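Everything numeric in this text was worked out from a predicted model, so none of it was measured.
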Amino acid sequence: MTKYLGLDLGSVTCGVSWSDTGFIAGTVKTIRFKPDDYDSALDQILDLCRERKPDQIVLGLPLLENGDAAERAQICMEFGKQLEKESGIPVYMQDERNTTQESENIMLSMDISRKHRKKKIDQLAAVAILQRYLDHLN
């Protein structure tokens, strides 16, 4: 069974999701780091890879609405290349347009407080990214 690690990389947090079924993605945690300190983010993700041993990593690609890759997307693509090189695990980029908004809407519909939404939004966005990838595979 293939194991997947999903990532939603931001400028100070990285939401992490997981699937060991290949069908359903679930939340893991939110990694925090200093603004734009991607070396720290990378180290924490590499630790997680050693612990969980995923077969594939799925990294969200923040494209613009028109599909163009702006600065954030470039940062994510570079991060993905570095992660693949250092972990030895294939990294796949997944279009993440609207995943944060979808996650926010789900939590609003569940009447989750603003404070709790803020804590969980990155993890849920990572779940949405990984789930899109898994749905596309299946």
Considering all heavy atoms of both residues, which atom of [X] and which atom of [Y] are nearest to each other, and what is their separation?
{"X": "E84", "Y": "V91", "result": "OE1-N, 2.7 Å"}
{"X": "R32", "Y": "Q44", "result": "O-NE2, 3.1 Å"}
{"X": "Y4", "Y": "P54", "result": "C-CB, 4.4 Å"}
{"X": "M93", "Y": "G60", "result": "CE-O, 4.2 Å"}
{"X": "L9", "Y": "L59", "result": "CB-CD1, 4.0 Å"}
{"X": "A126", "Y": "G6", "result": "CB-O, 4.0 Å"}

Residues D47 and R50 bridged, charged N to O under 4.0 Å: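 Salt bridge flag = yes for R50 with D47.
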
Pair E78 + K81, salt bridge at N-O below 4.0 Å: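 Here E78 pairs with K81 in a salt bridge, since their nearest N and O are under 4.0 Å apart.
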
Does [X] share a hydrophobic cluster with [Y], counting links as ILVMFWY side-chain heavy atoms below 4.5 Å and allowing steps through other members?
{"X": "I129", "Y": "I121", "answer": "no"}
{"X": "I75", "Y": "V58", "answer": "no"}
{"X": "I24", "Y": "V127", "answer": "no"}
{"X": "V12", "Y": "L7", "answer": "no"}
{"X": "M77", "Y": "Y133", "answer": "no"}

Looking at [atom1] of [X] and [atom2] of [Y], how far apart are the two atoms once the value is rounded to the nearest 0.5 Å?
{"X": "L61", "Y": "R72", "atom1": "CG", "atom2": "CZ", "result": "11.0 Å"}
{"X": "T27", "Y": "L130", "atom1": "OG1", "atom2": "CG", "result": "11.5 Å"}
{"X": "D20", "Y": "D55", "atom1": "CG", "atom2": "CG", "result": "10.5 Å"}
{"X": "I57", "Y": "L83", "atom1": "CD1", "atom2": "CG", "result": "4.0 Å"}
{"X": "L42", "Y": "F33", "atom1": "CG", "atom2": "CZ", "result": "10.5 Å"}
{"X": "Y92", "Y": "L137", "atom1": "OH", "atom2": "CG", "result": "9.0 Å"}

Verdict with supporting geometry, D122 and T13, side chain to side chain donor-acceptor pair (under 3.5 Å): CA-CA 7 Å; D122 298 310; T13 60; 2.9 Å; yes

Donor-acceptor pair, side chain of Q131 and main chain of G26, under 3.5 angstrom: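 No, the answer is negative, given that no donor and acceptor are paired below the 3.5 Å cut-off.
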
